[in-house]
Amino acid sequence: MSSTGGGGGDGVVVSAAAAVNRWNGRPYSQTYHKISNKRTTLPIRHKKDDFLQLLNTNQTLIVVAPPGSGKSTQIPQFVLESLYRHDRTDQKMMIGCTQPRRLAAMSVSRRVAAEMDVAVGEEVGYKIRYQDCSGERTVVKYLTDGALVREAMADPWLARYKVVIVDEAHERSLGTDVLLGIMKESVLRNRPDLKLVVMSATASEGEKVQAYFNGAAALMKVPREKAHPVEIVYAQESVRDYLGAAVRKAVEVHLCEPPGDVLVFVAGEEEIEAACREIDEQVGNLGGDRVGPVKVVALHSALLETMQEEIFDHSRRLPPGRMIVVSTSIAETSLAIDGIVYVIDPGFDKQNVESLVVSPISKARALQRSGVAGRTQAGKCFRLYTERTFNDEMPTETDPEILRSNLANVVLTLKKMGIHDLVHFGFMDPPAPEALTRALEELNGLGALDDEGNLTKLGEMMSEFPLEPQLSKKLVVSPEFNCSNEILSILSMLSVPNCFLRPREEAQKAAADEAKARFSHIDGNGDHLTLLNVYNAYKQNEDPQWCLDNFVDPKALKAADNVRQQLARIMARLNLKLCSTDVNNTDYYVNIRKAMQAGG
Ligand code: ADP
Ligand code: MG
């Protein structure tokens, strides 16, 4: 092994017999040797020395590099290697790398664990809401930006970290903006030894971040190695049913275009699953194609557990054929999929992860999407909208999420960190004063802030839960209504994707409706009680077959159960007791309703 040993060999070719992994003392596996070659070919490799030198001489460093260059997977390993080369103390030095999306945090940590030849959750781990897969030994931790903000509430100077890497800054997610704000306003000043690396796939956002740090940050640009041409094909006229059009186009590409994988952007989990089924069915019926077998794969964050590794790894796909990936916008820049030659872009996306509203994307994002087609060779992007729509109707950039969000949670978080003057807090894009005022009023209405804007005891407790304030309020007051068990179950069910299965066959649909009706409450009042009934019925036996028989998704219920355990743990820590009114008592539902009404 190399003399530094950092990062586990670092792609250095060594004889298999002699190599021992410095992190766990085990000999390197076959996979390790197989994938370390790939690492050495990534564009970011050529900039490694520059990067480490700049990091050495600057507290804040911005890295701009196109998607697929190796930012997310390599930069944390470069940092790790240099930390452990320069400082051989036993003191653990942790590197945190944030991602706006849960699936990205999870997928990238898996890849990096494989590259370092360690198990996920040990030296390399991840942390997302309701799931912490990191531990004592973790030195590289991938986490959602929201998860790091939550850590900062308890540990305002991020004392456990030596280097914080804010990845995908160009996405300008709410969590990223809050994180950059607290870094600039407090953490960096109080922690001169802490380094901040901000990574962006676009130069414009990179430069904006540099200006935000008053030019005191260094900027490193990694040029695109080979920009392969991408032919843009616009629709002749606007389409109404974008999902149908996307499916038709995917089938057409498969029939008419030479080999190469296809990426279809679709806006929601249910739509993705539906599109996959349709494409599968249609190409399956075609027979005799020219590129070999087709594999249709869905990519969205409800697939956390079953993430399809073959999406990334061509060598696992035997025999070769065509892969059609149907994905949320996560495939724009967060997950670099190699081998995509055709992109189908309907021009829509959801406003944010929680939102149900589908709206047009910006020109900048349309460019990111088409760019995916040119990463490995010349490609084609089919835009399912007209050139006129692109030119005249699409906004140039997407507004940062902070300008479109309800800020109650952000305000509560900052108050908890002891930041009081929110109007003068230096956000990169400050939200309108009215939006802040609205959030302050909302929190005051909930009793989380007093009339002077100070955090109340109730507000303190609410801030401990990873929930929106209207929800955490219900939970905190629920013991007073003698129904905290029930409110906990309801909120857990609300925190996971819709649990009701919708079968495709007409005959089954009626049966599904009937099953759902059996769970609903007699007075027809409310989905919440229906969810409670489903959860309670599930807990009788926790049987997946029972779930399927009753048209509810066992994965959703299992996830809800996990959420419930975690929230219950926070309640125990806050001495909030778990209690229920007797089901036969006439007040059983009345109490639940009262608690649910707290917080509006
Ligand atoms: P960037 O962050 O600059 O977009 P990444 O570091 O995510 O780039 O990816 C670098 C390379 O590593 C890409 O070629 C990508 O295909 C590969 N890669 C990333 N994640 C995985 C994975 N889970 N499995 C296999 N290869 C991966
Ligand atoms: Mg990345």
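Owing to the predicted nature of the structure, the values given are computational and were not obtained by experimental measurement. Both ligands and their constituent atoms are indexed starting at 1 by order of listing. Basis for what follows: all heavy atoms, side chains included, without hydrogens, waters or symmetry-related copies.
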**OP:** Go through the steps for Lys141 and Glu151 under the test salt bridge (Lys or Arg N to Asp or Glu O under 4.0 Å), then give the verdict.
**Re:** CA-CA 12 Å; Lys141 181 152 113 186; Glu151 286 192 3; 2.9 Å; yes
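- Ligand 1 lies within reach of Leu42, whose nearest heavy atom is under 4.0 Å from it.
- Here CG of Asn58 is found 7.0 Å from NZ of Lys195. Values are rounded to the nearest 0.5 Å.
- There is a side-chain donor-acceptor pair under 3.5 Å between Arg101 and Ser329.
- Nearest heavy-atom pair, Pro66 versus Val222, reported as atom, atom and distance to 0.1 Å: CD-O, 3.2 Å.
- Heavy-atom separations between Met199 and ligand 1 are all 4.0 Å or longer.
- Those atoms of ligand 1 that come under 4.0 Å of a heavy atom in Thr73, given as number and element, are 5 (P), 6 (O), 9 (O), 10 (C).
- Looking at Lys208 and Asp429, their side chains come closer than 4.5 Å, going by heavy atoms from C-beta outward.
- Considering both main-chain and side-chain atoms, Pro67 never comes within under 3.5 Å of ligand 1 through any nitrogen or oxygen pair.
- Nearest heavy atoms, Ala159 versus Arg191: CA-NH1, 3.4 Å.
- Residue Ala65 places no heavy atom under 4.0 Å from ligand 1.
- On a distance-only criterion, Asp167 and ligand 1 share no N/O pair closer than 3.5 Å.
- Listed by chain and residue number, Asp117 satisfy the side chain to side chain donor-acceptor pair (under 3.5 Å) test with Ser29 (two or more places apart in sequence, or in another chain).
- At least one side-chain heavy atom of Trp23 sits less than 4.5 Å from a side-chain heavy atom of Leu80.
- At least one N or O atom of Ser72 sits closer than 3.5 Å to an N or O atom of ligand 1.
- At a threshold of 4.0 Å, the pair Lys48-Glu81 counts as salt-bridged, since one of the basic side-chain nitrogens sits closer than that to a carboxylate oxygen.
- Considering backbone and side-chain atoms together, Gly68 places an N or O closer than 3.5 Å to an N or O of ligand 1.
- Checked against a 3.5 angstrom limit, the closest N/O atoms of Ile337 and ligand 1 fall outside it.
- Neighbouring protein atoms of the Mg ion (ligand 2) (N, O or S, distance under 2.8 Å, waters ignored): Ser72 OG.
- Proximity of Pro66 to ligand 1 is established by a heavy-atom distance of less than 4.0 Å.
- Nearest-heavy-atom check against atom 21 (C) of ligand 1 across Met106, Gln99, Arg111, Lys71 picks out Arg111.
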